[in-house]
Amino acid sequence: VQLQAFGGGLVQAGGSLRLSCAASGRTFSRYYLGWFRQAPGKDRVFVAVISASGGRTDYTDSVKGRFTISRDNVKNTLYLQMSSLKPEDTAVYYCAANSGTYSFTATTYNYWGQGTLVTVSS
């Protein structure tokens with residue numbers, strides 16, 4: 001599967017942004033999907049994960065209650081709705097697909113999008 005993330009940009013603290021990740025391929029609905037982010041000078045870290053059906057989701061503690069991951073298996077698209085954004089959310093956000101594991105770990109994901117930059121100004 002090929003992934004392409006978009007929707008990043010510059011937003012003020014407290015604002016909202018929705019990221020999208022468009023996927024190619026007919027087996028999109030079989031993949032577990034995740035969002036990761038990488039801040040300048042830091043490692044890539046887990047943000048959110050969603051099961052193949054969309055019925056299960058998990059988030060890193062710092063975004064719980066502010067971010068929502070969702071997917072549309074008809075449109076082959078993954079989303080990340082981000083609200084109440086903080087300067088510390090500034091990072092390049094990556095979408096990723098995993099064919100077999102509901103995982104919080106980047107190394108278990110087989111496919112990655114190119115990343116989209118989110119900048120939150122204070």
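These values consider heavy atoms only, across backbone and side chains, with no hydrogens, waters or symmetry-generated copies.
Closest approach of A91 to L117, counting heavy atoms only: O-CD1, 3.6 Å. The two residues A97 and V1 have their closest heavy-atom pair at CB-CG1, 3.9 Å. Taking every heavy atom of both residues into account, L3 and A23 meet most closely at CD2-CB, 3.6 Å. In terms of heavy atoms, A106 sits closest to W112 at O-CZ2, 3.4 Å. Residue L19 comes nearest to G8 through the heavy atom pair CD2-N, 3.6 Å, listed as atom of the first residue, atom of the second, then distance.
Here the side chains of Y102 and D58 are in contact, with some heavy-atom distance below 4.5 Å. Considering only heavy atoms from C-beta on, L80 stays 4.5 Å or farther from T68 through its side chain. For the pair T57/Y59, a side-chain contact is recorded, criterion being any heavy-atom separation below 4.5 Å from C-beta on.
K42 meets the side chain to side chain contact (heavy atoms under 4.5 Å, CB included) test with A39; sequence neighbours excluded. Taking R30 as the reference, nothing meets the salt bridge (Lys or Arg N to Asp or Glu O under 4.0 Å) condition, with sequence neighbours excluded. In this view, V120 and V11, A13, L85, P87, D89, T90, V118 satisfy the side chain to side chain contact (heavy atoms under 4.5 Å, CB included) rule, not counting sequence neighbours. The side-chain hydrogen bond (donor to acceptor under 3.5 Å, both in side chains) search around T119 returns none, not counting sequence neighbours. Legend: residues meeting salt bridge (Lys or Arg N to Asp or Glu O under 4.0 Å) with D61, ordered by chain and number and at least two apart, are K64. Residues satisfying the side chain to side chain contact (heavy atoms under 4.5 Å, CB included) test with S121, not counting sequence neighbours, are L10, Q12.
To the nearest 0.5 Å, atom OG of residue S16 and atom CZ of residue R18 are 12.0 Å apart. Atom CZ of R37 sits about 13.5 Å away from atom CG of D43, to the nearest 0.5 Å. Remark: M82 CE to R66 CZ distance equals 9.5 Å, nearest 0.5 Å. Considering CG of N98 and CG of L33, their distance stands at 9.0 Å, rounded to 0.5 Å. Residue Q81 holds its CD atom at 8.0 Å from CG of L17, rounded to the nearest 0.5 Å.
Remark: Q2 CD is loosely packed, at most 12 non-hydrogen atoms of other residues, nucleotides or ligands lying under 6.0 Å away.
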### Task
Would you sort out whether Y79 and R71 count as a side-chain contact (heavy atoms from CB on, under 4.5 Å), showing the intermediate values?
CA-CA 6 Å; Y79 303 99; R71 64 190 295 166; 5.8 Å; no

### Task
Kindly determine whether Y94 and Q38 satisfy side-chain contact (heavy atoms from CB on, under 4.5 Å), including the steps that lead there.
CA-CA 8 Å; Y94 297 89; Q38 187 167 16; 4.0 Å; yes

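T105 contributes no side-chain N or O that, together with a main-chain N or O of S103, makes up a donor-acceptor pair within less than 3.5 Å.
A continuous path of ILVMFWY side-chain contacts below 4.5 Å connects I69 to V63, so both sit in one hydrophobic cluster.
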Identify each donor-acceptor pair in which a side-chain atom of residues 44-52 lies under 3.5 Å from a protein atom, sequence neighbours left out, and give them as a table.
from: S51; atom 1: OG; to: G54; atom 2: N; distance (Å): 3.4
from: S51; atom 1: OG; to: G55; atom 2: N; distance (Å): 3.2
from: S51; atom 1: OG; to: R56; atom 2: N; distance (Å): 3.1

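Annotation: disulfide bond (SG atoms under 2.5 Å apart) contacts involving residues 40-122, sequence neighbours excluded, comprise C21-C95. Among residues at least two apart or in separate chains, there is no disulfide bond (SG atoms under 2.5 Å apart) pair with a member in residues 51-90. Under the disulfide bond (SG atoms under 2.5 Å apart) criterion, no residue pair touches residues 27-91, with sequence neighbours excluded. Within the structure, disulfide bond (SG atoms under 2.5 Å apart) contacts touching residues 38-79 (residues at least two apart or in different chains) do not occur. Listed by first then second residue, pairs satisfying ring pair (Phe, Tyr, Trp, His ring centres under 6.0 Å) with a partner in residues 6-35 read Y31-Y111, not counting sequence neighbours.
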